[in-house]
Amino acid sequence: MTELTASTAEEKALNFIEQIVEEDLRAGKHGGRVLTRFPPEPNGYLHIGHAKSICLNFGVAQKYGGGTNLRFDDTNPVTEDTEYVESIKNDVQWLGFHWKEERYASDYFDKLYELATLLVQKGLAYVDDLPAEQMATLKGTPTEPGTNSPYRNRTVTENLELFEGMKNGQFAEGSRTLRAKIDMAAPNMLLRDPILYRIKFAHHHRTGDKWCIYPMYDFAHGQSDAIEQITHSICTMEFVPHRDLYDWCIENLGIFPSKQYEFSRLNLSYTVMSKRKLLQLVNDAHVKSWDDPRMPTLSGMRRRGYTPQAVRGFCERIGITKNENLIDVGLLEFCVREHLNKIALRRMVVLDPLKVVITNYPETQLEICHSENNPEDPESGTREVLFGRELYIEREDFMENPPKNFFRLAVGKMVRLKSAYIIQCNEVLKDTDGNVTELRCSYVENSKSSQDTSGINVKGTLHWVAAQTALPVEVRLYDRLFQVENPSAEEGDFKDYLNPNSLQVITAYAEPALQTDAADAKIQFMRKGYFYKDSDSTPDKLVFNRTVGLKDNWAKVATKA
RNA sequence: UGGCUGAUGGUGUAAUGGCAGCACAGAAGUUUUUGGUACUUUUAGUUGAGGUUCGAGUCCUUGUCGGCCAACCA
């Protein structure tokens with residue numbers, strides 16, 4: 001059995017990154033060592049797109065007996081903060097991965113400065129006094145070559161002095177930069193004398209006020225990889241043009257030859273995935289916070305009740321390629337249901353109550369029924385639920401004029417109340433507006449679950465709660481954040497396409513067990529969906545987030561009719 | 001108009017010159033005290049045109065279409 005699973009696992013096709021790693025291993029590269037890194041910038045929260053990268057980086061290393069460093073790419077002190085560092089570490093751990101070492105690009109600022117000096121000495125970098133606007137003009141366009149800066153031919157000595165002056169805070173912010181001397185006519189715009197260092201009198205979350213010059217991404221990332229001796233530096237496709245620079249630095253600095261490989265980032269339907277846009281949603285209060293359950297952030301998904309297993313399973317299924325993609329959010333939801341179905345406790349909660357009176361049941365009697373906690377897991381045992389004369393059922397489980405294939409309640413029809421009795425509806429009570437206010441039913445005395453001798457077969461089974469014991473709870477029903485599949489691809493502002501009904505708050509009536517269930521229990525409200533207790537809950541008022549609804553075939557049938 | 005990069009069912013992903021497969025979604029059915037789960041069956045695909053080859057999704061030529069690149073962001 002184990003052998004079978006092992007061989008099936010081996011049969012799963014390798015993605016192109018794994019193929020590269022296997023080739024390198026076969027060739028004996030780096031002595032068979034594999035070391036990757038996950039390099040977030042601590043300027044926002046991690047989202048499901050990062051999860052794809054995390055699973056790839058940690059997954060590949062794990063698979064080939066290597067390790068993964070967690071490295072914060074903290075070279076821009078203006079936008080970065082320790083708050084983000086903590087959330088990122090928390091999210092990576094939540095996903096179930098363990099980094100080999102925790103590093104920061106800022107750990108290497110001294111070394112980076114030294115390397116920059118080396119470049120200057122080799123005549124491959126110079127200090128430029130051009131203001132930003134003029135530099136942009138001289139840069140040219142993709143179709144027209146740029147023009148050399150008038151400062152391009154300063155002597156090594158002068159450059160060395162000026163660069164040191166930059167470091168010592170002798171020049172104003174923005175007044176000077178250190179640039180690589182490559183080729184202002186290069187077809188790749190990034191090779192047109194890219195900026196290596198800029199002056200910023202900003203407080204850094206780790207180095208404080210030690211530095212007033214900070215390296216750019218291109219002069220920090222590859223070098224950090226080299227310092228850590230990363231063997232495979234995996235990033236997303238936007239960085240493909242940077243690879244030329246990455247390799248240029250390694251070659252001219254003579255440092256460890258890490259290699260960069262690119263895969264395409266994840267796009268998910270009905271949401272946005274850029275930190276800039278997510279930050280806007282938070283700042284403009286379209287959502288409550290970074291961990292709002294509607295957000296595609298890992299913290300949002302965690303709060304919503306998604307599990308790490310589900311997220312990892314999703315990342316496994318979507319694969320790794322260089323193709324532009326837009327993954328159906330339905331696939332994510334499938335993965336969530338798949339896991340939750342196996343582990344969630346079943347509970348009965350009525351979201352939209354309709355009162356039912358069992359007219360032939362004693363007034364004050366409450367009767368114990370037993371119901372399984374999870375039919376998928378025999379180990380999970382059973383719990384007690386109380387049956388009584390007055391109950392609530394779901395309003396949508398009753399119809400006055402039902403179609404022939406409606407298996408639920410209607411006048412004259414019978415249904416099973418889950419884990420309790422079969423009942424028959426005898427009468428409908430309405431208010432003056434004609435709204436149904438109450439159902440009068442009778443129960444079949446010898447039809448109790450597990451001791452049913454009635455011989456009656458019913459098509460439908462409903463969830464219910466006894467009115468007397470019903471616990472009111474707040475339930476937050478979430479819908480997709482946006483109304484269109486790909487908000488970023490639409491005309492105008494992406495925020496114009498927000499779904500105004502992405503959150504609906506209701507009061508539901510729950511069986512009492514919910515009160516004592518563990519705070520982090522994953523729960524299925526039977527026939528409705530998976531729910532998870534929100535951190536806003538208090539002892540007086542429980543709050544539940546709908547993680548995802550159950551697949552609902554009846555809804556499909558009903559809308560078709 | 002330059003450079004880079006990509007194109008396989010509705011979506012995502014396999015195939016490494018040799019039977020186009022898998023998953024999600026869709027459809028039909030079986031089971032079911034959740035119209036859930038499970039199980040069975042099924043619809044649907046190689047970007048166009050040429051070429052090489054016994055044989056092309058794969059190699060070559062040439063179109064078409066998508067994405068990325070002109071922050072002192074990463």
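Remember, it's a predicted structure, so these values are computed and weren't measured experimentally. We name chains A, B, ... by the order of the sequence lines, and we start the count at 1 in each one.
- Enclosure of atom NZ in A:K259 is not indicated, since only 12 or fewer non-hydrogen atoms of other residues, nucleotides or ligands lie within 6.0 angstrom.
- A:R152 places a side-chain heavy atom less than 4.5 Å from the side chain of A:K181.
- Residue A:K459 is classed as having no contact, given no heavy-atom separation below 4.0 Å to the nucleic acid.
- Distance NE2 (A:H221) to P (B:C73): 17 Å, rounded to an integer number of Å.
- Between the P atoms of B:G3 and B:G12, the separation comes to 28 Å (whole Å).
- Side chain A:R527 to base B:G35: no donor-acceptor pair is found below 3.5 Å.
- Pairing for B:U8 is absent, judged as Watson-Crick or G-U wobble with the two contacts each under 3.5 Å.
- Applying the side chain to side chain contact (heavy atoms under 4.5 Å, CB included) test between A:H242 and each of A:N188, A:D247, A:L190 identifies A:L190 as the sole match.
- Rounded to whole Å, the separation between the C1' atoms of B:A20 and B:G9 comes to 11 Å.
- The same atom, C1', is picked in B:U52 and in B:U11; the two are 34 Å apart, to the nearest Å.
- Heavy atoms of A:K322 sit under 4.0 angstrom from primed sugar atoms or phosphate atoms, though from no base atom.
- Across all strands shown, B:C39 forms a Watson-Crick or G-U wobble pair with B:G29, both key distances being under 3.5 Å.
- A donor N or O paired with an acceptor N or O is found under 3.5 Å between the base of B:U34 and the side-chain atoms of A:R346.
- Comparing A:V458 and A:P187 by the nucleotide of RNA chain B that holds the closest heavy atom to each, the one mapping nearer the 5' end is A:P187.
- At whole-Å resolution of the value, CE in A:M189 and C1' in B:U1 are 14 Å apart.
- Distance noted for atom P between B:G48 and B:A7: 14 Å (whole Å).
- Between B:A23 and B:C59, the distance separating the two C1' atoms is 30 Å to the nearest Å.
- A:E376 comes within 4.0 angstrom of a base, heavy atoms only.
- Using a 4.0 Å heavy-atom distance criterion, A:R176 is classed as making no nucleic acid contact.
- Residue contacts shown for A:M237 are limited to sugar-phosphate atoms, with no base heavy atom under 4.0 Å away.
- Within the 4.0 angstrom heavy-atom criterion, base atoms lie near A:R416.
- B:A44 and B:C22 are spaced 15 Å apart, taking the C1' atom of each and rounding to whole Å.
- Residue A:L245 is classed as having no contact, given no heavy-atom separation below 4.0 Å to the nucleic acid.
- Nucleotides B:G29 and B:U43 have their C1' atoms positioned 15 Å apart, rounded to a whole Å.
- Across all strands, A:S450 comes closer than 4.0 Å to base atoms (heavy-atom distances).
- A:Y270 contributes no side-chain N or O that, together with a main-chain N or O of A:P487, makes up a donor-acceptor pair within less than 3.5 Å.
- Across all strands shown, nothing is found opposite B:A15 as a Watson-Crick or G-U wobble partner with both distances under 3.5 Å.
- Contact annotation: the side chain of A:R546 never approaches that of A:Y532 to less than 4.5 Å [non-hydrogen atoms, C-beta and beyond].
- Annotation: side chain of A:S233 is not in contact with side chain of A:T36 (no heavy-atom distance under 4.5 Å).
- Here A:H463 lies out of heavy-atom contact (under 4.0 Å) with every strand.
- Both distances falling under 3.5 Å, in either a Watson-Crick or a G-U wobble arrangement, place B:C59 opposite B:G51.
- Distance noted for atom C1' between B:U34 and B:A27: 23 Å (whole Å).
- In terms of position along RNA chain B, the nucleotide closest to A:M526 lies nearer the 5' end than the nucleotide closest to the other residue of the pair A:E338 and A:M526.
- With hydrogens and angles ignored, a donor-acceptor pair closer than 3.5 Å exists between the side chain of A:Q524 and the base of B:U34.
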